[in-house]
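A short write-up of the structure that comes next.
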Amino acid sequence: QVQLVESGGGLVQAGGSLRLSCAASGRISSSPYGMGWFRQAPGRERESVAAINWGTGGTYYADSVKGRFSISRDNAKKTVYLQMNGLKPEDTAVYYCGLSWTWTAQVMGGIRPDYWGTGTQVTVSS
């Protein structure tokens, strides 16, 4: 079993920044295919925000966050980060991280999580 624990959410004014972290622990005997950040706003479906290929470091972003958000990883710590700058009220959502062992077609970065974190709330006030 794999556990994912997110941290770093909170309340911020529009234009501000937050950095989310997601630490993976448990049965991780090898590197995953990739990890990603997803978000779900009230009344909306969960959507992909950013993804990273664990081996190559290749990154992928939703159009709505390109140029504002940056995903990165620390291999040794099995941790993925999401730096969010220029936050907008429409970024308000619960943010989840996910870990995928294998590539999946037709999803961002080929990442469809096998494991999910419990989420962290990000609220951006106008």
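When a residue number appears, it is its place in the shown sequence, counting from 1.
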Compare all side-chain heavy atoms of [X] with those of [Y] and state whether any distance is below 4.5 angstrom.
X	Y	result
Arg73	Tyr81	no
Trp37	Cys22	yes
Gln1	Tyr115	yes
Tyr33	Ile111	yes

Determine whether a donor-acceptor pair (N or O, by modelled atom type, separation under 3.5 Å) exists between the side chain of [X] and the backbone of [Y].
X	Y	result
Arg39	Arg46	no
Gln83	Ile71	no
Glu6	Thr118	yes
Asp74	Thr79	no
Thr92	Val124	yes

Group every Ile, Leu, Val, Met, Phe, Trp and Tyr by side-chain heavy-atom contacts under 4.5 Å, then state whether [X] and [Y] land in the same group.
X	Y	answer
Val122	Val80	yes
Trp101	Trp54	yes
Tyr95	Leu18	yes
Val65	Tyr96	no
Leu87	Val49	yes

Once you round to the nearest 0.5 Å, how far does [atom1] of [X] lie from [atom2] of [Y]?
X	Y	atom1	atom2	answer
Arg68	Lys66	CZ	NZ	13.0 Å
Tyr61	Ser48	OH	OG	13.5 Å
Leu99	Met35	CG	CE	5.0 Å
Leu20	Phe69	CG	CZ	8.0 Å
Leu4	Ser21	CG	OG	12.5 Å

Here the pair of heavy atoms bringing Gly109 nearest to Ala51 is CA-CB, 4.5 Å
Might you point out which heavy atoms bring Ser100 and Pro32 nearest each other, and give the distance in Å? O-CB, 3.5 Å
Distance alone, cut at 3.5 Å: any donor-acceptor contact between the side chains of Ser17 and Asn85?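 Yes - a donor-acceptor pair under 3.5 Å links their side chains.
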Whether Asp91 and Lys88 form a salt bridge (side-chain N of Lys/Arg under 4.0 Å from carboxylate O of Asp/Glu) is what I want to check.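 Salt bridge flag = no for Asp91 with Lys88.
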Are Phe38 and Trp116 close enough that their ring centres sit under 6.0 Å apart?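 Yes, they do, as the ring centres are separated by less than 6.0 Å.
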Take atom CZ in Arg112; do more than 12 heavy atoms of anything else shown fall under 6.0 Å from it?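 Open: at most 12 neighbouring heavy atoms sit under 6.0 Å from CZ of Arg112.
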Pair Thr123-Gln121, side chain to side chain donor-acceptor pair (under 3.5 Å): steps then yes or no: CA-CA 6 Å; Thr123 302; Gln121 176 71 45; 3.3 Å; yes
